[in-house]
> 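Quick one: this structure, given as structure tokens, is what I'll be asking you about.
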There are 2 protein chains.
Amino acid sequence: MTTAAADGWLDALAKDRGDLDRSSTAERVADKLRTSVLDGDIKPGRQLNEKALGEALRVSRNTLREAFRLLTHERLLVHEYSKGVFVRRPDAADVVDLYAARRIIECGAVRRWPDADDRARQAVRDAVDLGLTSREKDDWTGVGTANVKFHQALTALAGSARLDEEVKRLLAELRLAFHVMGDHEDFYRDYLPQNQAIVGHLDAGLVRQAEDALLAYLDQAENHLVTGLRGDLRGDLPGTVPGE
Amino acid sequence: MTTAAADGWLDALAKDRGDLDRSSTAERVADKLRTSVLDGDIKPGRQLNEKALGEALRVSRNTLREAFRLLTHERLLVHEYSKGVFVRRPDAADVVDLYAARRIIECGAVRRWPDADDRARQAVRDAVDLGLTSREKDDWTGVGTANVKFHQALTALAGSARLDEEVKRLLAELRLAFHVMGDHEDFYRDYLPQNQAIVGHLDAGLVRQAEDALLAYLDQAENHLVTGLRGDLRGDLPGTVPGE
DNA sequence: CATCGAATATTGTTCAACGATACTTCAATC
DNA sequence: GATTGAAGTATCGTTGAACAATATTCGATG
């Protein structure tokens, strides 16, 4: 046995290496576009012109299209044949679908709290703590990201990387819905105490109550978004947007 | 109002139209490759040469690469930078991850049986019936597809198209695992009665028992696959495969 | 026999070109 | 005046070629 347990530094290197070969230009372009879309710099419904974007980012149309594929699969962009790609514009039906999925996944994951890995459980507590400290500093953006971390941590209780990926996609898509209805920054303010309560129940061993609290949160958040989107009845067109 | 509620035939047409614009060569190539991979015609671990495949399918490298992207996102192919794309070869860890996800999603969906749509419930029963008639005809391939349909129907109880898509991907990936361990065609034979039992419990209103039966099935199937894969210790190389 | 390095093969990326499709404009028709 | 139909324009879809970057093969060398 040359690969004894003592010299595990090889594995450590192998793990770090994962960030090295992430050098595909298409992925880098996708990263750039992803943040622009998620931050709301490119509004939902807006078309992404291949030629213009390619010239702006200094990449060829082909690589740009590969980046489009990546983001299309993440449901951040929609591709209409012979028309082009557009920033996704989720509607009320999408939000209902999204929350149906979240209910299944997150509640199922919470239920596995007793069987979950210790680090996974700690990550849930950490996410709530991060939200608390962010609130003390009046950093509401931080509260928002902490909330996302919280739900990702809940999902991770299930111990499936594939599920984690899917929830990541769902939450990113949800962020698009926020931008459609105009980005209320105070959205997460009311939900921090609920996250706290969920963790409290879990640490007390009351898994069922935690699940109910999570369900209540999801119902409330869904309702918030759906009513917000229903009130936003301007422009059914997927393509052009008046602004800019 | 010219578009009165009376003439809803327009909406019906609009719904059917969805199949018309699905005409991208990259997608058609992806369809072809997908069936080849899922049917086991292209073995897991095998590399897909761009030039050779492009000439065989009469498409350019660019479009072929777009097809690769699609299938890579479906986790049927893996892309190693500067080395090429290979048919995915799931290992035991993958199967464990896969079943962790299935447990969460399918059990959560089953639990929503009482709230589910009537057609969704009927689809579950139909899938079991299809399995029964296929078995009577000794059509074991049909039994296999019926089993897939059954679990997709269970998932559909949740009412989320996104969840349905994810489960579709999970099941496709699982099919790859079958091919890795050598494709036991009698795999589904033992599981048909279990599906029957699950539906029986559901129709009797015993949702909890149905969930337990589903869990038992998933444990059993996972174990089946994991032991099958652990016994298959030939070739860690992702690329070349001795055969052909 | 291990190592190094050249030759070869494959992938990564870009570009230019042309056909196909959708959108726009505007005239013709009822 | 509204609808229909026909150019014209802009964009996308697909291809082929080209070169750079990287991996693999294989022979030479010590």
Side-chain angles (χ1 to χ4, degrees), chain A residues 2 14 17-33 42 45-73 77-87 235-242, chain B residues 1-3 10 14 17-33 42 45-73 77-88 235-242:
Chain A
T2 59
R17 192 185 165 289
D19 292 356
L20 287 188
D21 43 23
R22 166 179 297 217
S23 55
S24 156
T25 35
E27 288 191 19
R28 264 174 295 153
V29 169
D31 285 343
K32 217 171 216 1
L33 287 178
I42 312 178
R46 180 164 201 80
Q47 178 168 12
L48 300 182
N49 183 292
E50 287 186 358
K51 189 164 143 242
L53 245 182
E55 288 171 357
L57 296 176
R58 304 298 208 85
V59 294
S60 80
R61 275 179 65 205
N62 283 325
T63 45
L64 186 60
R65 284 162 68 92
E66 286 197 359
F68 284 168
R69 293 272 172 191
L70 291 172
L71 298 175
T72 298
H73 188 261
L77 303 181
V78 293
H79 183 160
E80 305 190 16
Y81 192 87
S82 280
K83 292 172 74 176
V85 296
F86 305 82
V87 178
D236 267 349
L237 304 179
T240 52
V241 161
Chain B
M1 277 279 192
T2 58
T3 61
L10 261 176
R17 191 188 164 285
D19 291 357
L20 287 187
D21 41 21
R22 107 173 357 202
S23 57
S24 154
T25 26
E27 288 190 20
R28 263 174 297 153
V29 170
D31 285 344
K32 217 168 215 4
L33 287 178
I42 313 179
R46 180 164 201 81
Q47 178 168 12
L48 300 182
N49 183 292
E50 289 186 357
K51 189 164 143 246
L53 244 182
E55 287 171 357
L57 295 175
R58 305 299 206 85
V59 294
S60 81
R61 273 180 66 207
N62 283 323
T63 39
L64 184 59
R65 286 163 68 89
E66 285 207 359
F68 284 168
R69 295 273 166 192
L70 292 173
L71 297 175
T72 299
H73 293 344
L77 303 181
V78 292
H79 183 167
E80 304 191 16
Y81 193 90
S82 281
K83 292 174 73 175
V85 297
F86 306 81
V87 177
R88 192 120 198 283
D236 268 351
L237 303 179
T240 53
V241 160

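The structure presented is a predicted model; accordingly, all values stated were derived computationally and were not measured. Just so it is clear: chains get the letters A, B, ... in the order the sequence lines come, proteins before strands, and each one is counted from 1.
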> For the helix from C:dC1-D:dG30 to C:dC30-D:dG1, what angle lies between the axis at the first five pairs and the axis at the last five pairs, to 10 degrees?
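Inter-axis angle at the termini of the helix from C:dC1-D:dG30 to C:dC30-D:dG1: 20°.
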> Kindly write out the residues that satisfy salt bridge (Lys or Arg N to Asp or Glu O under 4.0 Å) with B:Arg69, not counting sequence neighbours, or none if the list is empty.
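Residues passing salt bridge (Lys or Arg N to Asp or Glu O under 4.0 Å) with B:Arg69: A:Glu66.
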> Looking at B:Val87 and B:Leu77, what are the two nearest heavy atoms and their distance?
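Closest approach of B:Val87 to B:Leu77: CA-CD2, 3.8 Å.
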> Does the B:Glu80 side chain pair with the main chain of B:Phe86, one donor and one acceptor, at a distance under 3.5 Å?
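The answer is no, because no donor-acceptor pair under 3.5 Å joins these two groups.
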> Can you check nucleotides 15-21 of chain C for protein contacts, nitrogen or oxygen pairs under 3.5 Å, and list what you find?
| residue | atom | partner | partner atom | Å |
| --- | --- | --- | --- | --- |
| C:dC15 | N4 | A:Asn62 | ND2 | 2.6 |

> Please give, in whole Å, the distance from C:dT10 C1' to B:Phe68 CZ?
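Those two atoms, CZ and C1', are 12 Å apart.
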> My understanding is that only residues two or more places apart in sequence, or in another chain, count here; which of them pass side chain to side chain contact (heavy atoms under 4.5 Å, CB included) with A:Leu70?
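Listed in chain order: A:Glu27, A:Ala30, B:His73.
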> Where the side chain of B:Thr25 is concerned, which of D:dT11, D:dG13, D:dT14 is the nearest nucleotide?
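Of all the options, the side chain of B:Thr25 is nearest to D:dT14.
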> May I ask you to evaluate whether B:His79 reaches the phosphate of C:dG12, defined as a side-chain N or O under 4.0 Å from OP1 or OP2?
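Affirmative; the distance criterion is met.
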> Find the distance B:Arg65:CZ to C:dT10:P and express it as a whole number of Å.
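Taking atom P of C:dT10 as the reference, CZ of B:Arg65 is at 14 Å.
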> OP1 or OP2 of D:dT15 less than 4.0 angstrom from a side-chain nitrogen or oxygen of B:Thr63, does that happen here?
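For B:Thr63, the contact criterion (side-chain N or O under 4.0 Å from OP1 or OP2 of D:dT15) is met.
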> Rounded to the nearest Å, what distance is computed from the CD atom of residue A:Glu27 to the C1' atom of nucleotide C:dT13?
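Atom-to-atom, A:Glu27 to C:dT13, this comes out as 15 Å.
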> How long is the line joining CD of A:Glu50 and C1' of C:dT14, in whole Å?
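Computing the A:Glu50:CD to C:dT14:C1' distance gives 14 Å.
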> Give the C-alpha distance, both sets of side-chain angles, the deciding distance and a yes or no for side chain to side chain contact (heavy atoms under 4.5 Å, CB included) between A:Val85 and A:Leu71.
CA-CA 10 Å; A:Val85 296; A:Leu71 298 175; over 6 Å; no
> Show the nearest heavy-atom pair for residues B:Ala67 and B:Val29, with the distance to one decimal.
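So the minimum-distance heavy-atom pair works out to CB-CG1, 3.7 Å.
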> According to side chain to side chain contact (heavy atoms under 4.5 Å, CB included), who are the partners of A:Ser60, at least two apart in sequence or on a separate chain?
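A:Asn62, A:Thr63.
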> Between B:Leu53 (CG) and C:dT10 (C1'), how many Å, whole number?
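Distance, rounded to whole Å: 14 Å.
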> With respect to the phosphate group of C:dT11, does any side-chain polar atom (N or O) of B:Gln47 fall under 4.0 Å of OP1 or OP2?
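For C:dT11, OP1/OP2 do have a side-chain N/O of B:Gln47 under 4.0 Å.
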> Rounded to the nearest angstrom, tell me the gap between atom NZ in B:Lys51 and atom C1' in D:dA23.
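B:Lys51 atom NZ is separated from D:dA23 atom C1' by 16 Å.
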> Nearest-Å distance, CZ (A:Arg69) to P (C:dT13)?
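Rounded to the whole Å, the gap is 17 Å.
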> Does OP1 or OP2 of C:dC23 have a side-chain N or O of A:Lys83 closer than 4.0 Å?
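So the side-chain polar atoms of A:Lys83 do come within 4.0 Å of the phosphate oxygens OP1 or OP2 of C:dC23, strictly under.
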> For B:Lys51, which residues count as a side chain to side chain contact (heavy atoms under 4.5 Å, CB included) partner, sequence neighbours excluded?
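Only B:Asn49, B:Glu55 meet the side chain to side chain contact (heavy atoms under 4.5 Å, CB included) criterion with B:Lys51.
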> Rounding to an integer number of Å, can you tell me how far B:Phe86 CZ sits from D:dA23 P?
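It works out to 12 Å between those atoms.
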> Using a heavy-atom cut-off of under 4.0 Å over every strand shown, decide if B:Leu64 touches base, sugar-phosphate, or nothing.
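Since no nucleic acid heavy atom lies under 4.0 Å of B:Leu64, the category is nothing.
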